[in-house]
Student: 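Here's a structure for you.
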There are 2 protein chains.
Amino acid sequence: MCPHTLVRMERADAARNRARILEAAAALFAARPPHEVTMDDIAKAAGVGRGTLYRRYPDRASIAVALLDEHERELQERLLRGDPPLGPGAPPAERLAAFYAAMVRLLEDHAHLVLGSEVGRTRFETGAYGFWRAHVRSLLVAAGTPSPDALVDTLLAPLAPEVYVYQRSDRGLGMDEIIEALTRLTRVL
Amino acid sequence: MCPHTLVRMERADAARNRARILEAAAALFAARPPHEVTMDDIAKAAGVGRGTLYRRYPDRASIAVALLDEHERELQERLLRGDPPLGPGAPPAERLAAFYAAMVRLLEDHAHLVLGSEVGRTRFETGAYGFWRAHVRSLLVAAGTPSPDALVDTLLAPLAPEVYVYQRSDRGLGMDEIIEALTRLTRVL
DNA sequence: GCTTAAATGGACAACGTGTCCGCTTACTGA
DNA sequence: TCAGTAAGCGGACACGTTGTCCATTTAAGC
């Protein structure tokens, strides 16, 4: 682009390789559990060397985060500026229910990504978690719920990918049943 | 014990080594994050060989589970036969609140164990999770809550060790605040 | 005591990780 | 158009962990 940009531009080959890595990783993660995919597998599939891979992504988790990023951004945008009940305008309880439903749809498509990639507490360190947290917290405050700080994480906990996958696969529950149960949680407001 | 027991008794040295392993593992897990403790560390600290360790415990997770087992059993006993509101007799909502409070106390002491030991979905495969699930489900049924199957896991999700540690450490919340937030969840019944 | 089968423990091979450094390639300014 | 330069590349390497295997030891039964 503009050669006079103050921030040094990313070199063309670097950009190409990043795209290749992300594409290859997405294919591999879709095919088998992320923790069974080695960094070497990804490098091989992307047609880049080991060092190139490590330069950008120090571990599997950071690759998974990068893959999730775009999908999460879209939902974040709708929460901020979309139509009610997801966006501003509807009563807090309805917005929370809409948020739950939207998150379930996100999980249905991408839970396998974040799952197993050395999750654990990693999930909370994602920028995305902070966003969901701030959003739900603002709904709690708007609803006048007392001491929202502890309740936020409590309400966000059922959206953990492990929980969702357990409900779907091991328990054989459908998306609708899960959404219904989550919607019931909005009574705490 | 009785030499005529049909089920072959565990040999004396085997029992001694199991005790050693559990004791050593508890000390190591208390000192640093479980995922930084190698199987070799445990074997060394317990004064047994690598093979001996693997014979009984195929991985770190199974050791952590064994360590948790006794503490969980005690709570399970109190849920089944203890005094109200934890045990039978009190209304479902109060029993659920009491269960939450008891679990928080358990987490406060032992969350570090299950945390990081290759958790993820492992948690659900524990026999203990099945027990908590059955207990809460029975409370939901007793309260006449419709379609309890999806709601159970939703209500159990905030008790995930990762969530608790995040609230305590990263968010700086106290046990009381967390218990209060969980108690609020009993409104969904 | 003697037999037998379980239990032990360390050596071993295979694997994944992360780093390092010589080589290559894309930008830049003349 | 063409060097000069710095960023980017990639494979070889060393390290640490894992899980298995089997010769040896040791407890229990007769």
Side-chain angles (χ1 to χ4, degrees), chain A residues 1-25 28-29 31-66 115-120 122, chain B residues 1-25 28-29 31-66 115-120 122:
Chain A
M1 205 183 284
C2 173
H4 302 95
T5 322
L6 280 181
V7 284
R8 185 84 59 185
M9 276 294 292
E10 180 181 50
R11 246 170 63 170
D13 52 348
R16 176 177 47 84
N17 279 338
R18 169 160 60 218
R20 278 191 184 181
I21 289 172
L22 253 33
E23 190 180 356
L28 288 174
F29 284 167
R32 48 193 151 120
H35 64 276
E36 287 180 15
V37 178
T38 70
M39 293 297 256
D40 198 60
D41 289 336
I42 299 174
K44 285 281 201 307
V48 303
R50 193 165 191 62
T52 306
L53 183 57
Y54 273 100
R55 161 176 295 267
R56 234 182 284 282
Y57 304 106
D59 51 32
R60 266 187 303 282
S62 60
I63 299 180
V65 167
L115 198 80
S117 356
E118 198 65 28
V119 240
T122 310
Chain B
M1 203 184 286
C2 172
H4 302 94
T5 322
L6 280 182
V7 283
R8 187 82 60 183
M9 277 295 292
E10 180 181 50
R11 249 171 61 170
D13 52 350
R16 175 177 50 82
N17 279 339
R18 168 160 61 218
R20 277 191 184 180
I21 289 171
L22 254 33
E23 191 179 357
L28 288 174
F29 286 167
R32 47 192 152 121
H35 63 275
E36 287 179 15
V37 178
T38 70
M39 293 296 259
D40 199 60
D41 288 337
I42 299 174
K44 285 280 201 306
V48 302
R50 194 165 191 64
T52 305
L53 183 58
Y54 272 99
R55 160 176 298 268
R56 236 180 286 281
Y57 305 106
D59 50 33
R60 266 187 304 282
S62 61
I63 300 180
V65 167
L115 199 80
S117 357
E118 197 66 27
V119 242
T122 309

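Hydrogens, waters and symmetry mates are skipped; everything else that's a heavy atom, side chains included, is used. Within every chain, numbering begins at 1; the chains are lettered A, B, ... in the order of the sequence lines, protein sequences first and strands thereafter.
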Student: Minimum heavy-atom separation for Ile21(A) to Ala46(A), with atom names?
Tutor: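 Minimum heavy-atom contact is CA-CB, 3.8 Å.
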Student: At their closest point, which heavy atom of Tyr57(B) faces which heavy atom of Ser62(B), and how far apart are they?
Tutor: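 Taking Tyr57(B) first and Ser62(B) second, the nearest heavy atoms are CB-OG, 3.4 Å.
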Student: Tell me the interatomic distance from Tyr54(B), atom OH, to dC22(D), atom P, rounded to whole angstroms.
Tutor: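 After rounding, the gap between these two atoms is 18 Å.
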Student: In whole Å, what is the span from the CZ atom of Arg60(A) to the P atom of dG16(C)?
Tutor: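 After rounding, the reported distance stands at 10 Å.
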Student: Can you tell me the distance, in whole Å, between the CG atom of Leu53(B) and the P atom of dT20(D)?
Tutor: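 The distance from CG of Leu53(B) to P of dT20(D) comes to 12 Å, rounded to the nearest Å.
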Student: Taking only N and O in the side chain of Thr52(A), is any of them less than 4.0 Å away from OP1 or OP2 of dG10(D)?
Tutor: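 Affirmative; the distance criterion is met.
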Student: Look at Asn17(B) and dA7(C) and indicate whether a side-chain polar atom (N or O) is within less than 4.0 Å of OP1 or OP2.
Tutor: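 So the side-chain polar atoms of Asn17(B) never come under 4.0 Å of the phosphate oxygens OP1 or OP2 of dA7(C).
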Student: Shortest non-hydrogen contact from Ile42(A) to Ala24(A)?
Tutor: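 Taking Ile42(A) first and Ala24(A) second, the nearest heavy atoms are O-CB, 4.3 Å.
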Student: With nearest nucleotides of DNA chain C determined for Asp40(A) and Gly47(B) from heavy-atom distances, which residue corresponds to the more 5′ nucleotide?
Tutor: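 The answer here is Gly47(B).
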Student: By the 4.0 Å heavy-atom rule, please label Arg18(A) as base, sugar-phosphate, or nothing.
Tutor: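 The answer is nothing, as Arg18(A) stays clear of every strand by at least 4.0 Å.
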Student: Can you tell me how far P of dG8(D) sits from CG of Asp13(A), to the nearest Å?
Tutor: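 Nearest whole value for this atom pair: 8 Å.
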Student: Hey, does the side chain of Arg55(B) come within less than 4.0 Å of dA7(C)'s phosphate (OP1/OP2), counting only N and O?
Tutor: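 Checking Arg55(B) against dA7(C): at least one side-chain N or O falls below 4.0 Å of OP1 or OP2.
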Student: Show the nearest heavy-atom pair for residues Ala66(B) and Leu22(B), with the distance to one decimal.
Tutor: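 The answer is CB-CD1, 4.3 Å.
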Student: In this structure, how many angstroms lie between the C1' atom of dT17(D) and the CD1 atom of Ile42(B), rounded?
Tutor: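 Between C1' of dT17(D) and CD1 of Ile42(B): 13 Å.
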Student: Got a donor-acceptor pair under 3.5 Å from the side chain of Arg11(B) to the base of dA28(D)?
Tutor: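 Flag unset: no donor-acceptor pair detected.
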Student: For Gly51(A) and Gly51(B), find the nucleotide of DNA chain D closest to each by heavy atoms; which residue's nucleotide sits nearer the 5' end?
Tutor: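 It is Gly51(A), whose closest nucleotide lies nearer the 5' terminus.
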Student: Kindly say if Arg50(A) contacts the phosphate of dC20(C), meaning a side-chain N or O under 4.0 Å from OP1 or OP2.
Tutor: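 No, no such contact exists.
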Student: What's the shortest heavy-atom distance between Met39(A) and Arg60(A), and which atoms?
Tutor: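 That would be SD-N, 3.9 Å.
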Student: Relative to the 5' end of DNA chain D, which residue comes earlier, Arg16(B) or Pro58(B), by the nucleotide with the nearest heavy atom?
Tutor: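 Closest to the 5' end, via its nearest nucleotide, is Pro58(B).
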Student: Of the options dA28(D), dG10(D), dT18(D), whose atoms approach the side-chain atoms of Val48(A) most closely?
Tutor: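 Of the candidates, dG10(D) comes closest.
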Student: Take the protein atom CG of Asp41(B) and the nucleotide atom P of dG16(D), then report the distance between them rounded to whole Å.
Tutor: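 It is 12 Å, rounded to the nearest whole Å.
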Student: For the pair made of NZ in Lys44(A) and P in dA12(D), what is the distance, rounded to whole Å?
Tutor: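 Answer to the nearest Å: 9 Å.
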Student: dT20(D) C1' sits how many Å from Met39(B) CE, rounded?
Tutor: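 Roughly 13 Å, once rounded to whole Å.
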